[in-house]
There are 2 protein chains.
Amino acid sequence: MGPRDKFSIEPLYVQVRNLLAQRLASGVWPPGSMLPNEMELARELGVSSGTVRKALDSLESDRLIVRRQGRGTSVVDQASGDAAARFSNIRNGEGRRIGGDMELISQIKAVATATERQRLQLAAGDFVLRSTRLRRYRNQLFMHEDAVLAMSRFPGLDEKNAGTLRISALAQRHGIHLAKASERVTLEEVSAQSAERLDIDLHTRLLKLDRVVYAAGGYPVEWRVAFCSLKEDMLYLAEMV
Amino acid sequence: MGPRDKFSIEPLYVQVRNLLAQRLASGVWPPGSMLPNEMELARELGVSSGTVRKALDSLESDRLIVRRQGRGTSVVDQASGDAAARFSNIRNGEGRRIGGDMELISQIKAVATATERQRLQLAAGDFVLRSTRLRRYRNQLFMHEDAVLAMSRFPGLDEKNAGTLRISALAQRHGIHLAKASERVTLEEVSAQSAERLDIDLHTRLLKLDRVVYAAGGYPVEWRVAFCSLKEDMLYLAEMV
DNA sequence: GCGAATTTGTGCGTATGTATT
DNA sequence: TAATACATACGCACAAATTCG
(Lines give C-alpha, C1' and ligand atoms only; values in the text may rest on other atoms or scores of the structure.)
Protein backbone atom coordinates (compact mmCIF):
# COMPACT_ATOMS: atom_id res chain seq x y z
CA MET A 1 0.00 0.00 0.00
CA GLY A 2 2.99 2.21 0.59
CA PRO A 3 3.00 5.72 2.02
CA ARG A 4 -0.13 7.74 2.23
CA ASP A 5 -1.39 8.93 -1.09
CA LYS A 6 -1.39 12.70 -1.05
CA PHE A 7 -4.26 12.86 -3.49
CA SER A 8 -6.63 10.71 -1.51
CA ILE A 9 -8.03 12.44 1.54
CA GLU A 10 -8.73 9.17 3.30
CA PRO A 11 -6.61 8.06 6.24
CA LEU A 12 -4.54 4.97 5.62
CA TYR A 13 -6.60 2.73 7.88
CA VAL A 14 -9.74 3.74 5.98
CA GLN A 15 -8.06 2.85 2.71
CA VAL A 16 -7.11 -0.52 4.15
CA ARG A 17 -10.62 -1.00 5.45
CA ASN A 18 -12.11 -0.27 2.03
CA LEU A 19 -9.64 -2.53 0.29
CA LEU A 20 -10.49 -5.40 2.62
CA ALA A 21 -14.23 -4.69 2.30
CA GLN A 22 -13.81 -4.86 -1.45
CA ARG A 23 -12.05 -8.20 -1.17
CA LEU A 24 -14.80 -9.51 1.06
CA ALA A 25 -17.40 -8.38 -1.46
CA SER A 26 -15.47 -9.97 -4.31
CA GLY A 27 -15.68 -13.35 -2.68
CA VAL A 28 -11.94 -13.89 -2.30
CA TRP A 29 -12.73 -14.89 1.26
CA PRO A 30 -16.14 -16.57 1.16
CA PRO A 31 -18.61 -16.36 4.08
CA GLY A 32 -17.45 -18.48 6.97
CA SER A 33 -13.83 -18.65 5.87
CA MET A 34 -10.84 -17.31 7.77
CA LEU A 35 -8.88 -14.21 6.87
CA PRO A 36 -5.08 -14.15 7.00
CA ASN A 37 -3.86 -13.12 10.42
CA GLU A 38 -3.21 -9.49 11.23
CA MET A 39 0.56 -9.58 10.89
CA GLU A 40 0.31 -11.26 7.53
CA LEU A 41 -2.17 -8.68 6.27
CA ALA A 42 0.08 -5.92 7.53
CA ARG A 43 3.07 -7.40 5.75
CA GLU A 44 1.20 -7.95 2.52
CA LEU A 45 -0.24 -4.45 2.49
CA GLY A 46 2.93 -2.79 3.70
CA VAL A 47 1.33 -1.07 6.68
CA SER A 48 1.74 -1.43 10.40
CA SER A 49 -0.26 -3.99 12.32
CA GLY A 50 -1.94 -1.18 14.23
CA THR A 51 -3.31 0.18 10.99
CA VAL A 52 -4.65 -3.24 10.05
CA ARG A 53 -6.22 -3.52 13.48
CA LYS A 54 -8.07 -0.24 13.07
CA ALA A 55 -9.32 -1.38 9.68
CA LEU A 56 -10.49 -4.69 11.13
CA ASP A 57 -12.14 -2.82 14.02
CA SER A 58 -14.19 -0.94 11.47
CA LEU A 59 -15.13 -4.06 9.52
CA GLU A 60 -16.11 -5.80 12.72
CA SER A 61 -18.31 -2.94 13.89
CA ASP A 62 -19.98 -3.08 10.48
CA ARG A 63 -20.54 -6.79 11.11
CA LEU A 64 -18.65 -7.93 8.05
CA ILE A 65 -16.22 -10.02 10.08
CA VAL A 66 -15.95 -11.54 13.53
CA ARG A 67 -12.71 -11.83 15.47
CA ARG A 68 -11.92 -14.16 18.29
CA GLN A 69 -8.82 -14.02 20.39
CA GLY A 70 -6.62 -17.01 19.79
CA ARG A 71 -8.75 -18.23 16.92
CA GLY A 72 -8.60 -15.70 14.16
CA THR A 73 -10.83 -13.55 11.97
CA SER A 74 -13.68 -15.02 9.95
CA VAL A 75 -16.16 -13.72 7.42
CA VAL A 76 -19.76 -13.30 8.52
CA ASP A 77 -22.41 -15.07 6.48
CA GLN A 78 -25.05 -12.41 5.91
CA ALA A 79 -27.52 -14.93 4.50
CA SER A 80 -27.88 -17.15 7.53
CA GLY A 81 -28.46 -16.86 11.23
CA ASP A 82 -29.44 -13.61 12.87
CA ALA A 83 -27.74 -11.57 10.15
CA ALA A 84 -30.36 -12.71 7.63
CA ALA A 85 -33.19 -11.03 9.56
CA ARG A 86 -31.09 -8.08 10.66
CA PHE A 87 -33.54 -5.55 9.27
CA SER A 88 -36.68 -7.07 10.70
CA ASN A 89 -38.01 -5.75 13.98
CA ILE A 90 -40.60 -8.51 14.22
CA ARG A 91 -39.58 -10.89 16.95
CA ASN A 92 -40.80 -14.10 18.45
CA GLY A 93 -41.39 -14.80 22.12
CA GLU A 94 -37.72 -15.50 22.76
CA GLY A 95 -36.77 -12.14 21.35
CA ARG A 96 -35.23 -13.47 18.15
CA ARG A 97 -35.79 -11.62 14.92
CA ILE A 98 -38.24 -13.26 12.54
CA GLY A 99 -37.72 -13.28 8.82
CA GLY A 100 -40.25 -15.94 8.05
CA ASP A 101 -40.63 -18.09 4.98
CA MET A 102 -41.34 -16.21 1.80
CA GLU A 103 -43.87 -17.05 -0.86
CA LEU A 104 -43.55 -15.07 -4.07
CA ILE A 105 -46.91 -13.97 -5.45
CA SER A 106 -45.90 -11.89 -8.40
CA GLN A 107 -42.91 -10.15 -9.85
CA ILE A 108 -42.38 -7.61 -12.57
CA LYS A 109 -39.55 -5.58 -14.02
CA ALA A 110 -40.50 -2.01 -14.80
CA VAL A 111 -39.32 1.56 -15.10
CA ALA A 112 -39.30 3.25 -11.72
CA THR A 113 -42.20 5.50 -10.87
CA ALA A 114 -41.63 8.96 -9.45
CA THR A 115 -42.15 7.69 -5.92
CA GLU A 116 -39.80 4.77 -6.44
CA ARG A 117 -37.17 7.09 -7.88
CA GLN A 118 -37.51 9.31 -4.86
CA ARG A 119 -37.34 6.59 -2.23
CA LEU A 120 -34.52 4.70 -3.97
CA GLN A 121 -32.65 7.76 -5.24
CA LEU A 122 -32.84 6.64 -8.84
CA ALA A 123 -32.58 8.51 -12.11
CA ALA A 124 -35.37 8.76 -14.65
CA GLY A 125 -35.63 5.62 -16.71
CA ASP A 126 -33.94 3.39 -14.13
CA PHE A 127 -35.41 -0.06 -13.79
CA VAL A 128 -36.82 -1.68 -10.69
CA LEU A 129 -37.93 -5.17 -9.86
CA ARG A 130 -41.25 -5.24 -8.03
CA SER A 131 -42.09 -8.32 -6.00
CA THR A 132 -45.21 -9.09 -4.05
CA ARG A 133 -44.71 -11.70 -1.36
CA LEU A 134 -46.32 -13.34 1.61
CA ARG A 135 -44.45 -14.32 4.72
CA ARG A 136 -45.19 -17.14 7.12
CA TYR A 137 -43.79 -18.01 10.48
CA ARG A 138 -44.51 -21.47 11.85
CA ASN A 139 -47.03 -21.88 9.05
CA GLN A 140 -48.85 -18.77 10.10
CA LEU A 141 -49.35 -16.08 7.51
CA PHE A 142 -48.37 -12.78 9.09
CA MET A 143 -47.12 -10.43 6.41
CA HIS A 144 -47.94 -9.17 2.96
CA GLU A 145 -45.27 -7.10 1.29
CA ASP A 146 -44.48 -5.20 -1.87
CA ALA A 147 -40.74 -4.94 -2.35
CA VAL A 148 -39.04 -2.74 -4.90
CA LEU A 149 -35.45 -3.48 -5.83
CA ALA A 150 -33.19 -0.92 -7.49
CA MET A 151 -31.87 -3.03 -10.35
CA SER A 152 -29.02 -0.67 -11.14
CA ARG A 153 -27.50 -1.47 -7.74
CA PHE A 154 -27.39 -5.18 -8.54
CA PRO A 155 -25.25 -5.67 -11.64
CA GLY A 156 -26.07 -8.89 -13.43
CA LEU A 157 -29.17 -9.47 -11.36
CA ASP A 158 -30.77 -12.84 -11.93
CA GLU A 159 -34.33 -11.73 -12.40
CA LYS A 160 -35.57 -15.27 -12.27
CA ASN A 161 -35.15 -15.85 -8.56
CA ALA A 162 -34.34 -12.39 -7.26
CA GLY A 163 -37.83 -12.11 -5.84
CA THR A 164 -37.53 -15.31 -3.89
CA LEU A 165 -34.48 -14.22 -1.93
CA ARG A 166 -34.47 -11.91 1.02
CA ILE A 167 -32.48 -8.74 0.66
CA SER A 168 -29.64 -9.87 2.94
CA ALA A 169 -28.97 -12.97 0.81
CA LEU A 170 -29.38 -11.10 -2.46
CA ALA A 171 -26.97 -8.38 -1.38
CA GLN A 172 -24.34 -10.89 -0.30
CA ARG A 173 -24.54 -12.64 -3.67
CA HIS A 174 -23.86 -9.36 -5.38
CA GLY A 175 -21.05 -8.29 -3.10
CA ILE A 176 -23.10 -5.55 -1.52
CA HIS A 177 -22.67 -4.80 2.15
CA LEU A 178 -25.89 -3.68 3.80
CA ALA A 179 -25.38 -0.98 6.38
CA LYS A 180 -28.69 0.19 7.76
CA ALA A 181 -32.40 0.49 7.26
CA SER A 182 -35.03 2.92 8.39
CA GLU A 183 -38.62 1.90 8.77
CA ARG A 184 -41.68 4.07 9.06
CA VAL A 185 -44.29 2.47 11.22
CA THR A 186 -47.90 3.53 10.84
CA LEU A 187 -51.37 2.17 11.25
CA GLU A 188 -53.36 1.69 8.15
CA GLU A 189 -56.49 0.00 7.19
CA VAL A 190 -55.72 -3.00 5.13
CA SER A 191 -56.77 -3.13 1.49
CA ALA A 192 -59.40 -5.63 0.42
CA GLN A 193 -56.81 -7.57 -1.52
CA SER A 194 -54.36 -7.72 1.37
CA ALA A 195 -57.08 -8.69 3.77
CA GLU A 196 -58.00 -11.59 1.58
CA ARG A 197 -54.40 -12.71 1.27
CA LEU A 198 -53.68 -12.39 4.95
CA ASP A 199 -56.95 -14.14 5.67
CA ILE A 200 -58.19 -11.53 8.09
CA ASP A 201 -61.26 -9.39 8.34
CA LEU A 202 -61.45 -6.13 6.55
CA HIS A 203 -60.89 -3.19 8.88
CA THR A 204 -58.57 -5.25 11.04
CA ARG A 205 -55.83 -2.95 12.24
CA LEU A 206 -52.44 -3.73 10.84
CA LEU A 207 -48.94 -2.39 11.15
CA LYS A 208 -47.74 -0.79 7.98
CA LEU A 209 -43.98 -1.13 7.71
CA ASP A 210 -42.44 1.16 5.13
CA ARG A 211 -38.75 0.34 5.02
CA VAL A 212 -35.75 1.39 2.97
CA VAL A 213 -32.55 -0.65 3.21
CA TYR A 214 -29.25 1.11 2.55
CA ALA A 215 -25.90 -0.29 1.46
CA ALA A 216 -22.55 0.59 2.97
CA GLY A 217 -22.04 3.43 0.50
CA GLY A 218 -25.17 5.10 1.86
CA TYR A 219 -27.31 4.49 -1.19
CA PRO A 220 -30.69 2.74 -0.94
CA VAL A 221 -31.09 -0.70 -2.47
CA GLU A 222 -34.60 -1.81 -1.54
CA TRP A 223 -37.87 -0.15 -0.66
CA ARG A 224 -40.49 -2.34 0.90
CA VAL A 225 -44.01 -1.69 2.11
CA ALA A 226 -45.42 -4.44 4.25
CA PHE A 227 -48.66 -4.98 6.08
CA CYS A 228 -48.14 -7.06 9.15
CA SER A 229 -50.65 -8.78 11.35
CA LEU A 230 -48.83 -9.54 14.60
CA LYS A 231 -49.80 -13.03 15.65
CA GLU A 232 -49.76 -14.43 19.14
CA ASP A 233 -46.22 -14.55 20.48
CA MET A 234 -44.98 -12.01 17.93
CA LEU A 235 -44.08 -8.42 18.62
CA TYR A 236 -42.54 -5.40 16.96
CA LEU A 237 -39.51 -4.36 18.97
CA ALA A 238 -37.55 -1.21 18.19
CA GLU A 239 -34.13 -0.95 19.79
CA MET A 240 -32.77 2.53 20.47
CA VAL A 241 -29.15 3.16 21.34
CA MET B 1 -3.68 4.01 38.28
CA GLY B 2 -0.47 2.06 38.13
CA PRO B 3 -0.02 -1.45 36.82
CA ARG B 4 -2.97 -3.64 36.10
CA ASP B 5 -4.74 -4.90 39.16
CA LYS B 6 -4.53 -8.67 39.16
CA PHE B 7 -7.84 -9.00 40.97
CA SER B 8 -9.86 -6.96 38.54
CA ILE B 9 -10.50 -8.75 35.28
CA GLU B 10 -11.07 -5.53 33.42
CA PRO B 11 -8.53 -4.24 30.94
CA LEU B 12 -6.83 -1.02 31.92
CA TYR B 13 -8.60 1.10 29.30
CA VAL B 14 -11.96 -0.16 30.60
CA GLN B 15 -10.95 0.81 34.11
CA VAL B 16 -9.99 4.26 32.86
CA ARG B 17 -13.25 4.50 30.94
CA ASN B 18 -15.27 3.65 34.04
CA LEU B 19 -13.31 6.05 36.19
CA LEU B 20 -13.93 8.87 33.74
CA ALA B 21 -17.59 7.91 33.38
CA GLN B 22 -17.87 8.08 37.15
CA ARG B 23 -16.30 11.53 37.18
CA LEU B 24 -18.71 12.66 34.48
CA ALA B 25 -21.63 11.35 36.50
CA SER B 26 -20.35 13.03 39.65
CA GLY B 27 -20.51 16.42 38.01
CA VAL B 28 -16.79 17.20 38.30
CA TRP B 29 -17.02 18.15 34.64
CA PRO B 30 -20.50 19.60 34.13
CA PRO B 31 -22.37 19.24 30.82
CA GLY B 32 -20.87 21.46 28.16
CA SER B 33 -17.52 21.87 29.91
CA MET B 34 -14.16 20.76 28.56
CA LEU B 35 -12.19 17.80 29.80
CA PRO B 36 -8.43 18.00 30.36
CA ASN B 37 -6.54 17.08 27.22
CA GLU B 38 -5.50 13.52 26.54
CA MET B 39 -1.88 13.88 27.54
CA GLU B 40 -2.85 15.51 30.79
CA LEU B 41 -5.31 12.75 31.62
CA ALA B 42 -2.68 10.17 30.78
CA ARG B 43 -0.17 11.84 33.07
CA GLU B 44 -2.64 12.25 35.90
CA LEU B 45 -3.82 8.65 35.72
CA GLY B 46 -0.37 7.23 35.09
CA VAL B 47 -1.29 5.44 31.88
CA SER B 48 -0.26 5.84 28.30
CA SER B 49 -2.03 8.26 26.02
CA GLY B 50 -3.12 5.34 23.87
CA THR B 51 -4.98 3.87 26.81
CA VAL B 52 -6.69 7.20 27.46
CA ARG B 53 -7.64 7.38 23.81
CA LYS B 54 -9.29 3.98 23.90
CA ALA B 55 -11.21 5.01 27.01
CA LEU B 56 -12.33 8.23 25.36
CA ASP B 57 -13.30 6.30 22.22
CA SER B 58 -15.64 4.26 24.36
CA LEU B 59 -17.13 7.28 26.11
CA GLU B 60 -17.63 8.98 22.78
CA SER B 61 -19.38 5.99 21.25
CA ASP B 62 -21.64 5.97 24.30
CA ARG B 63 -22.34 9.64 23.58
CA LEU B 64 -21.12 10.88 26.92
CA ILE B 65 -18.51 13.14 25.35
CA VAL B 66 -17.74 14.71 22.00
CA ARG B 67 -14.24 15.23 20.67
CA ARG B 68 -13.17 17.67 18.02
CA GLN B 69 -9.74 17.75 16.54
CA GLY B 70 -7.86 20.88 17.51
CA ARG B 71 -10.56 21.93 19.95
CA GLY B 72 -10.74 19.39 22.71
CA THR B 73 -13.14 17.05 24.44
CA SER B 74 -16.40 18.30 25.93
CA VAL B 75 -19.18 16.81 27.99
CA VAL B 76 -22.48 16.16 26.23
CA ASP B 77 -25.58 17.72 27.76
CA GLN B 78 -28.08 14.89 27.86
CA ALA B 79 -30.93 17.19 28.78
CA SER B 80 -30.90 19.42 25.72
CA GLY B 81 -30.77 19.11 21.99
CA ASP B 82 -31.20 15.82 20.20
CA ALA B 83 -29.88 13.89 23.18
CA ALA B 84 -32.98 14.84 25.18
CA ALA B 85 -35.28 12.97 22.78
CA ARG B 86 -32.81 10.19 22.12
CA PHE B 87 -35.29 7.47 23.04
CA SER B 88 -38.20 8.78 21.06
CA ASN B 89 -38.80 7.38 17.59
CA ILE B 90 -41.49 9.95 16.89
CA ARG B 91 -40.17 12.41 14.36
CA ASN B 92 -41.31 15.55 12.65
CA GLY B 93 -41.26 16.23 8.93
CA GLU B 94 -37.59 17.19 8.95
CA GLY B 95 -36.69 13.87 10.54
CA ARG B 96 -35.85 15.31 13.95
CA ARG B 97 -36.87 13.40 17.04
CA ILE B 98 -39.81 14.85 18.92
CA GLY B 99 -39.98 14.88 22.67
CA GLY B 100 -42.79 17.35 22.97
CA ASP B 101 -43.89 19.44 25.90
CA MET B 102 -45.04 17.50 28.91
CA GLU B 103 -48.07 18.15 31.07
CA LEU B 104 -48.20 16.19 34.29
CA ILE B 105 -51.66 14.82 35.03
CA SER B 106 -51.06 12.81 38.15
CA GLN B 107 -48.27 11.29 40.11
CA ILE B 108 -48.06 8.77 42.91
CA LYS B 109 -45.42 6.93 44.87
CA ALA B 110 -46.24 3.29 45.49
CA VAL B 111 -44.89 -0.18 46.02
CA ALA B 112 -44.13 -1.85 42.71
CA THR B 113 -46.68 -4.28 41.36
CA ALA B 114 -45.61 -7.68 40.08
CA THR B 115 -45.56 -6.43 36.51
CA GLU B 116 -43.57 -3.36 37.43
CA ARG B 117 -41.09 -5.51 39.33
CA GLN B 118 -40.70 -7.72 36.32
CA ARG B 119 -40.24 -4.98 33.75
CA LEU B 120 -37.95 -2.91 35.96
CA GLN B 121 -36.15 -5.85 37.56
CA LEU B 122 -37.05 -4.75 41.05
CA ALA B 123 -37.26 -6.62 44.33
CA ALA B 124 -40.42 -7.09 46.32
CA GLY B 125 -41.25 -3.99 48.31
CA ASP B 126 -39.30 -1.62 46.05
CA PHE B 127 -40.91 1.71 45.42
CA VAL B 128 -41.86 3.24 42.11
CA LEU B 129 -43.05 6.66 41.05
CA ARG B 130 -45.97 6.50 38.66
CA SER B 131 -46.64 9.52 36.49
CA THR B 132 -49.40 10.09 34.00
CA ARG B 133 -48.61 12.73 31.43
CA LEU B 134 -49.74 14.29 28.20
CA ARG B 135 -47.41 15.42 25.49
CA ARG B 136 -47.89 18.20 22.98
CA TYR B 137 -45.97 19.19 19.92
CA ARG B 138 -46.68 22.59 18.42
CA ASN B 139 -49.68 22.81 20.73
CA GLN B 140 -51.06 19.58 19.37
CA LEU B 141 -51.83 16.84 21.85
CA PHE B 142 -50.37 13.64 20.49
CA MET B 143 -49.46 11.37 23.37
CA HIS B 144 -50.79 10.03 26.62
CA GLU B 145 -48.33 8.15 28.74
CA ASP B 146 -48.01 6.28 32.00
CA ALA B 147 -44.42 6.27 33.17
CA VAL B 148 -43.07 4.18 36.01
CA LEU B 149 -39.77 5.17 37.58
CA ALA B 150 -37.66 2.76 39.63
CA MET B 151 -37.04 4.94 42.65
CA SER B 152 -34.23 2.78 43.97
CA ARG B 153 -32.17 3.72 40.91
CA PHE B 154 -32.47 7.42 41.69
CA PRO B 155 -30.96 8.02 45.12
CA GLY B 156 -32.32 11.17 46.71
CA LEU B 157 -35.03 11.55 44.12
CA ASP B 158 -36.92 14.78 44.36
CA GLU B 159 -40.43 13.44 44.20
CA LYS B 160 -41.87 16.89 43.81
CA ASN B 161 -40.84 17.50 40.24
CA ALA B 162 -39.55 14.12 39.11
CA GLY B 163 -42.72 13.61 37.11
CA THR B 164 -42.28 16.84 35.21
CA LEU B 165 -38.85 15.97 33.85
CA ARG B 166 -38.14 13.70 30.95
CA ILE B 167 -36.05 10.67 31.69
CA SER B 168 -32.93 12.02 29.97
CA ALA B 169 -32.88 15.12 32.15
CA LEU B 170 -33.74 13.21 35.31
CA ALA B 171 -30.99 10.68 34.70
CA GLN B 172 -28.40 13.37 34.09
CA ARG B 173 -29.31 15.09 37.35
CA HIS B 174 -28.73 11.85 39.19
CA GLY B 175 -25.50 10.99 37.44
CA ILE B 176 -27.03 8.11 35.55
CA HIS B 177 -25.89 7.42 32.02
CA LEU B 178 -28.67 6.10 29.84
CA ALA B 179 -27.50 3.45 27.41
CA LYS B 180 -30.41 2.07 25.44
CA ALA B 181 -34.12 1.51 25.26
CA SER B 182 -36.31 -1.09 23.69
CA GLU B 183 -39.84 -0.32 22.66
CA ARG B 184 -42.64 -2.69 21.84
CA VAL B 185 -44.91 -1.27 19.21
CA THR B 186 -48.43 -2.60 18.94
CA LEU B 187 -51.87 -1.53 17.92
CA GLU B 188 -54.39 -1.21 20.60
CA GLU B 189 -57.76 0.24 21.00
CA VAL B 190 -57.57 3.29 23.14
CA SER B 191 -59.28 3.33 26.50
CA ALA B 192 -62.22 5.63 27.01
CA GLN B 193 -60.19 7.73 29.42
CA SER B 194 -57.25 8.08 27.05
CA ALA B 195 -59.56 8.89 24.19
CA GLU B 196 -61.06 11.70 26.18
CA ARG B 197 -57.67 13.05 27.15
CA LEU B 198 -56.25 12.85 23.65
CA ASP B 199 -59.45 14.39 22.39
CA ILE B 200 -60.03 11.77 19.75
CA ASP B 201 -62.86 9.44 18.90
CA LEU B 202 -63.07 6.10 20.53
CA HIS B 203 -61.83 3.35 18.22
CA THR B 204 -59.36 5.72 16.59
CA ARG B 205 -56.26 3.78 15.67
CA LEU B 206 -53.34 4.47 17.95
CA LEU B 207 -49.80 3.28 18.40
CA LYS B 208 -49.11 1.72 21.75
CA LEU B 209 -45.50 2.32 22.70
CA ASP B 210 -44.31 0.13 25.54
CA ARG B 211 -40.76 1.19 26.32
CA VAL B 212 -38.12 0.36 28.88
CA VAL B 213 -35.08 2.61 29.22
CA TYR B 214 -31.85 1.08 30.48
CA ALA B 215 -28.86 2.70 32.16
CA ALA B 216 -25.23 2.07 31.27
CA GLY B 217 -24.98 -0.75 33.79
CA GLY B 218 -27.69 -2.61 31.90
CA TYR B 219 -30.38 -2.19 34.52
CA PRO B 220 -33.76 -0.67 33.65
CA VAL B 221 -34.69 2.72 35.07
CA GLU B 222 -38.04 3.60 33.51
CA TRP B 223 -40.96 1.72 32.06
CA ARG B 224 -43.41 3.72 30.03
CA VAL B 225 -46.58 2.84 28.20
CA ALA B 226 -47.77 5.49 25.81
CA PHE B 227 -50.63 5.83 23.41
CA CYS B 228 -49.72 7.94 20.49
CA SER B 229 -51.89 9.53 17.87
CA LEU B 230 -49.58 10.43 15.00
CA LYS B 231 -50.57 13.86 13.77
CA GLU B 232 -50.00 15.26 10.34
CA ASP B 233 -46.28 15.64 9.66
CA MET B 234 -45.36 13.17 12.39
CA LEU B 235 -44.10 9.66 11.92
CA TYR B 236 -42.69 6.75 13.84
CA LEU B 237 -39.27 5.93 12.44
CA ALA B 238 -37.26 2.93 13.56
CA GLU B 239 -33.60 2.91 12.61
CA MET B 240 -31.89 -0.44 12.22
CA VAL B 241 -28.13 -0.83 12.04
C1' DG C 1 -3.91 -33.52 30.43
C1' DC C 2 -0.20 -30.53 29.30
C1' DG C 3 2.58 -27.57 26.91
C1' DA C 4 3.83 -25.34 22.56
C1' DA C 5 2.36 -22.71 18.72
C1' DT C 6 -0.81 -19.47 16.89
C1' DT C 7 -3.72 -15.47 16.94
C1' DT C 8 -6.09 -11.64 18.69
C1' DG C 9 -6.14 -8.26 22.69
C1' DT C 10 -3.87 -4.89 25.62
C1' DG C 11 -0.48 -1.37 26.75
C1' DC C 12 3.34 1.69 26.00
C1' DG C 13 6.03 5.17 23.58
C1' DT C 14 7.08 8.16 19.86
C1' DA C 15 6.66 10.84 15.70
C1' DT C 16 3.96 13.26 12.59
C1' DG C 17 -0.48 15.10 10.49
C1' DT C 18 -4.37 18.27 10.74
C1' DA C 19 -8.03 21.17 12.54
C1' DT C 20 -8.91 24.89 15.81
C1' DT C 21 -7.96 28.84 18.44
C1' DT D 1 1.74 32.77 12.82
C1' DA D 2 2.20 30.06 16.79
C1' DA D 3 0.30 27.16 20.22
C1' DT D 4 -2.92 23.63 21.33
C1' DA D 5 -5.38 19.33 20.98
C1' DC D 6 -7.10 15.49 18.74
C1' DA D 7 -6.00 12.06 14.76
C1' DT D 8 -3.07 8.96 12.40
C1' DA D 9 0.75 5.74 11.94
C1' DC D 10 4.42 2.91 13.39
C1' DG D 11 6.64 -0.61 16.22
C1' DC D 12 7.41 -3.43 20.15
C1' DA D 13 6.39 -6.34 24.23
C1' DC D 14 3.45 -9.03 26.67
C1' DA D 15 -1.28 -11.04 28.00
C1' DA D 16 -5.01 -14.12 27.10
C1' DA D 17 -7.66 -17.37 24.44
C1' DT D 18 -7.67 -21.14 21.27
C1' DT D 19 -5.92 -25.07 18.90
C1' DC D 20 -3.31 -29.01 18.31
C1' DG D 21 0.22 -32.40 18.86
Side-chain angles (χ1 to χ4, degrees), chain A residues 1-21 23-24 28-29 32-76, chain B residues 1-21 23-24 28-29 32-76:
Chain A
M1 179 137 306
R4 180 161 171 187
D5 181 356
K6 287 294 178 190
F7 295 101
S8 82
I9 332 116
E10 311 256 89
L12 186 51
Y13 74 92
V14 176
Q15 297 178 42
V16 171
R17 192 223 100 100
N18 291 339
L19 174 63
L20 295 178
R23 286 195 188 173
L24 289 169
V28 179
W29 301 308
S33 69
M34 302 298 282
L35 263 64
N37 70 50
E38 298 179 350
M39 278 192 356
E40 198 165 337
L41 283 172
R43 237 184 327 105
E44 189 222 326
L45 301 176
V47 301
S48 77
S49 65
T51 300
V52 168
R53 279 192 67 75
K54 281 202 76 167
L56 293 179
D57 285 345
S58 168
L59 293 172
E60 187 171 37
S61 82
D62 290 345
R63 300 192 232 192
L64 268 45
I65 59 173
V66 289
R67 293 190 283 181
R68 272 176 36 213
Q69 186 174 168
R71 197 179 183 289
T73 303
S74 59
V75 185
V76 171
Chain B
M1 180 138 301
R4 180 161 170 188
D5 182 356
K6 287 293 179 191
F7 295 102
S8 83
I9 332 119
E10 311 256 87
L12 187 51
Y13 74 92
V14 175
Q15 297 178 41
V16 171
R17 192 223 100 101
N18 291 337
L19 174 63
L20 295 177
R23 285 196 188 171
L24 290 169
V28 180
W29 301 308
S33 69
M34 303 298 282
L35 263 64
N37 70 49
E38 298 179 349
M39 279 191 357
E40 197 165 337
L41 283 172
R43 243 187 318 108
E44 188 221 329
L45 302 175
V47 300
S48 78
S49 64
T51 300
V52 168
R53 277 191 69 74
K54 283 198 75 168
L56 294 179
D57 284 345
S58 169
L59 293 172
E60 186 171 39
S61 82
D62 290 344
R63 302 192 229 191
L64 269 45
I65 58 171
V66 288
R67 293 190 283 181
R68 287 207 344 245
Q69 187 176 169
R71 194 178 185 286
T73 302
S74 58
V75 185
V76 171

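In what follows, chains carry the letters A, B, and so on, assigned in the order in which the sequence lines appear, proteins first and then strands, with residues in each chain numbered from 1. Atom set for the values below is all heavy atoms of this structure, side chains included, hydrogens, waters and symmetry mates excluded. A quick note: this is a predicted structure, and the numbers were derived from the prediction, not measured.
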A:Leu20 and A:Val16, any side-chain heavy atoms less than 4.5 Å apart: yes
Does B:Tyr13 reach the side chain of B:Val52, with side-chain heavy atoms less than 4.5 Å apart? no
Please list each protein N or O that sits under 3.5 Å from an N or O in nucleotides 1-4 of chain C, with the distance.
none

Please list, chain by chain and in numerical order, all residues satisfying side chain to side chain donor-acceptor pair (under 3.5 Å) with [X], sequence neighbours excluded.
{"X": "A:Ser48", "value": "A:Thr51"}
{"X": "A:Arg43", "value": "none"}
{"X": "B:Thr73", "value": "none"}
{"X": "A:Glu40", "value": "none"}

Contact residues, residues 59-74 of chain A to DNA chain C [heavy atom, < 4.0 Å]: A:Arg67, A:Arg68, A:Gln69, A:Gly70, A:Arg71, A:Gly72, A:Thr73
Provide, to the nearest angstrom, the distance between the [atom1] atom belonging to [X] and the [atom2] atom belonging to [N].
{"X": "A:Glu38", "N": "C:dT10", "atom1": "CD", "atom2": "P", "value": "11 Å"}
{"X": "A:Leu12", "N": "D:dG11", "atom1": "CG", "atom2": "P", "value": "11 Å"}
{"X": "B:Glu40", "N": "D:dT4", "atom1": "CD", "atom2": "P", "value": "12 Å"}
{"X": "B:Glu10", "N": "D:dA15", "atom1": "CD", "atom2": "P", "value": "19 Å"}
{"X": "A:Leu45", "N": "D:dG11", "atom1": "CG", "atom2": "P", "value": "13 Å"}
{"X": "B:Arg43", "N": "D:dA5", "atom1": "CZ", "atom2": "P", "value": "11 Å"}
{"X": "B:Met39", "N": "D:dC6", "atom1": "CE", "atom2": "P", "value": "9 Å"}
{"X": "B:Leu35", "N": "D:dC6", "atom1": "CG", "atom2": "C1'", "value": "13 Å"}

Under 4.0 Å between a side-chain N/O of [X] and OP1 or OP2 of [N], yes or no?
{"X": "A:Lys54", "N": "D:dA9", "result": "no"}
{"X": "B:Thr51", "N": "C:dT10", "result": "no"}
{"X": "A:Ser49", "N": "D:dC10", "result": "no"}

A:Asn37 side chain: which of C:dT8, D:dT8, C:dC12 is closest? C:dT8
Measure from the side-chain heavy atoms of B:Arg53 and tell me the nearest of C:dT7, D:dA7, D:dC10. D:dA7
Using side chain to side chain contact (heavy atoms under 4.5 Å, CB included) as the criterion, list what pairs up with B:Arg68, not counting sequence neighbours. B:Arg71
B:Arg63: salt bridge (charged side-chain N to carboxylate O under 4.0 Å, His left out) partners, not counting sequence neighbours: none
Sequence neighbours excluded, which residues qualify as salt bridge (charged side-chain N to carboxylate O under 4.0 Å, His left out) partners of A:Arg67?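 Testing A:Arg67 for salt bridge (charged side-chain N to carboxylate O under 4.0 Å, His left out), a comparison that skips the adjacent residues, returns A:Glu38, A:Asp57, A:Glu60.
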